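Reading through the structure tokens given below for one structure.
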Amino acid sequence: MIKRFRQSIGIKILAGVITILVIFAAIIGYTGYKEFTDLLLEQYADGAFRTADSAALTLNPDHIDRFIESKGQSSEYQASWYSMDQLCNSQNVTFIYVIQPDLTDYGHITFIFSTINKDSPYQVYEFGFYRETTNDEYKEKYRALYEGTSERELVIRDKGYIQTDPHITAMIPLKGADRKTKAILCVQRQMDTLVAFRQQFIRKLLLVLISVAAVVILAQGWYLYQMMILPLRKIKDEAERFADENVIAPEKLTETIRTQDEVGVLADSIDRMEEQVQQYIENLTHVTAERERIGAELDVASKIQAGALPSLFPPFPDRSEFDLYAAMLPAKEVGGDFYDFFMVDDDHICLVIADVSGKSIPGALFMMVSKILLSTAVQNGLQPGEALTRVNAQLCRNNRAHMFVTVWLGILELSTGKLRAANAGHEYPAICRKDGYYELYKDRHGLVLGGMEDICYKDYEIQLEHGDRLFVYTDGVTEATDSENTLFGTDRMLEALNCCQNVTAAQTIELVRNSINNFVKEAPQFDDITMLCMLYK
Amino acid sequence: MKIKKSQNESQLIIALEGRLDTLTAPQLEAELNASLDEIAELVFDFKDLEYISSAGLRVLLSAHKAMAKKGSMKVTNVREEVMEVFELTGFSDILTIE
């Protein structure tokens, strides 16, 4: 609670206002005090000097030596004293006296005349009373009057009046006919009225200042509270609420805070920020949901694609004439490669391997279409070249994305080992004769399917003997790349194929896959890797 | 991959350096889409092209089809590795290769 109190902007601003007011009051108070004092002192001093001038007329300075000789007993002295005493009472001053300082250092003074107001509590000094000069200030003033550098001097004692009442002393030199100072006449006047007035003035001034300050502080405080603290607190509460709940408030801040100042702008900014954050959250939620949905759909798509490729091995358990195995490793969730095999009739098996020029969804869509068109063409009794020619024409129709697919398609007559095949821009097949090694069979190539219309694909024939092997693959195998961009290549592929003899079709594919993995190591797979291997028994 | 273009009136020569594969083919495709409008003769200089994948072939095929309608396209200075791919895929039959 105390912490919150200390940190409130209102308290800080109010403290600032109070400080300024106090400084303001102090300056006004001090100036007023000084002006007041100066003005009254001037009047006091004027009066005192007039009295002093009058008192100076009551005696003849050239006769002072005689007064001293008579020790104040002469009739002239008595007359002068009497006049001075009367003046002292009539002019309402406290003290009129004439002194002669000790001229060596002005450290002592001798009283020649001394009259005192009858209402004052003090006693007169007797003639010839000798005492120390009160302080250095007096000494300096006596000296100035004697040496003729000044014609009047004033001493003000309004402080430290615990011992003596506050008073002023006006001093004038008494000069003889030779213009030399013979003695000093002093008039002392009490300042109790001045001090009393002044105290009253200060008291009134303070009272007024405090009242004004209180009113200003209250008004300023109320204004600040209404115009800043309340709106700011509202904004703060709203910002905290929004941070916790992330839901737009039912009532906008600008509906209650309508000022055009910084607070109003801040409120408006918070409102807009809330809307934008809300919108952003909604968008993000939407996009995330969409992405999850797409992810899930891609997952389903890859399952469908995997399901479209025959994946049960051995595929024809009751056929002993051949051993067949195939595999596809897509680079993305769904790939563009595919393989296919199916019995055309009891004596003919069709083998297909293909690579679509594109991956992900577009590649997969094109792949599905190509696969179905190819199998349909072959099932309808077309020879490989005829099938490719027809599918090319079908794919070229409305091929707006300019996609294409490379295909190797072969039909093996199981009874005779006669393999009829056609190649539409696909990799060379590898053939291994019984007890020999795998070698690339540089077959005749046509253009990729879907590339150009009106292309005619031609068949070729290979005679397979029992024990011969056939290996077809996509460029994902030969173009598997290591971290230094080196391609796996057909040489490494043949090396892997030839490393072991008398292995099954599945083992052959496993051998090539391991060899690729050892070659590329940590480098990412860019292309689908697809292989099909058949052993003609 | 780096693409260097030099145009001489309606002739555009595009020199490729590096690998034209799945990652870089879209770059070439965007470049061609932006600059084929005024072109009657398109020449590819493959002196420094090390490798071309099916994605790269697709871009070449698109360009070939686009240019077939309004002019000509030829491929020059093909390296052995790239030529193998052209032959393998049958592209050597349809492209003008010098």
Side-chain angles (χ1 to χ4, degrees), chain A residues 331-332 336-337 354-360 362-363 366 388 392 396 399-408 422-429 440 442-458 474-476 478-481 485-487 489-490 524-528, chain B residues 1-2 16-33 36 42 44 48-70 72-75 78-97:
Chain A
K332 294 190 177 176
D337 279 9
D355 178 8
V356 171
S357 66
K359 282 166 204 55
S360 199
F366 203 75
L388 293 187
N392 179 54
C396 281
N399 182 9
R400 295 212 180 93
H402 295 170
M403 294 189 77
F404 59 78
V405 55
T406 71
V407 180
W408 179 90
N423 191 334
H426 199 80
E427 313 287 319
Y428 298 115
L440 291 185
K442 304 251 172 161
D443 59 356
R444 163 178 189 177
H445 269 66
L447 184 67
V448 294
L449 294 192
M452 296 289 278
E453 284 173 340
D454 304 327
I455 290 191
C456 203
Y457 295 87
K458 295 264 173 0
T474 59
D475 61 2
T478 50
E479 292 172 8
T481 309
N485 272 344
T486 315
L487 302 182
T490 44
Q525 180 189 344
F526 286 116
D527 205 353
D528 306 334
Chain B
M1 185 186 66
K2 275 187 201 159
L16 298 182
E17 188 185 328
R19 297 165 53 88
L20 182 57
D21 56 21
T22 318
L23 297 177
T24 56
Q27 196 184 331
L28 177 63
E29 189 169 24
E31 198 69 59
L32 287 173
N33 283 342
L36 279 192
L42 178 63
F44 282 104
D48 296 313
L49 186 71
E50 297 159 7
Y51 169 75
I52 186 163
S53 81
S54 60
L57 291 175
R58 194 176 75 82
V59 178
L60 283 190
L61 184 64
S62 296
H64 177 79
K65 285 179 179 173
M67 293 310 297
K69 287 174 196 158
K70 58 176 190 173
S72 67
M73 174 180 126
K74 64 180 177 185
V75 184
V78 183
R79 288 196 191 192
E80 203 183 327
E81 304 94 298
V82 175
M83 196 61 209
E84 262 177 41
V85 176
F86 283 160
E87 275 165 7
L88 211 55
T89 51
F91 270 71
S92 51
D93 297 341
I94 60 159
L95 296 179
T96 312
I97 301 174

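Just so we're clear, the structure is a prediction, and the values are computed from it rather than from any experiment. First the proteins, then the strands, lettered A, B, ... as listed; each starts at 1.
Distance check: B/L16 CG to B/I52 CD1 gives 8.0 Å after rounding to the nearest 0.5 Å. Here the straight-line distance linking atom CE of A/M452 with atom CG of B/L61 works out to 7.5 Å at 0.5 Å rounding. The CZ atom of B/F44 lies 10.0 Å from the CG atom of B/L49; values are rounded to the nearest 0.5 Å. Taken to the nearest 0.5 Å, the CE atom of B/M83 stands 11.5 Å off from the CG atom of B/L88.
Most heavy-atom pairs under 4.5 Å with chain B, from the set A/G446, A/G450, A/G336: that is A/G446.
When all heavy atoms are compared, the tightest approach of B/F91 to A/V448 is CE1-CG2, 3.7 Å.
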Using only distance (under 3.5 Å, no hydrogens or angles), which donor-acceptor pairs connect chain A and chain B?
residue	atom	partner	partner atom	Å
B/Y51	OH	A/E479	OE1	2.2
B/R58	NH1	A/A401	O	2.5
B/S62	OG	A/H402	ND1	2.8
B/K65	NZ	A/G451	O	2.9
B/L88	O	A/H445	NE2	2.8
B/T89	O	A/V448	N	3.1

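For B/L57, the parts sitting under 4.5 Å from any heavy atom of chain A are the backbone and the side chain alike.
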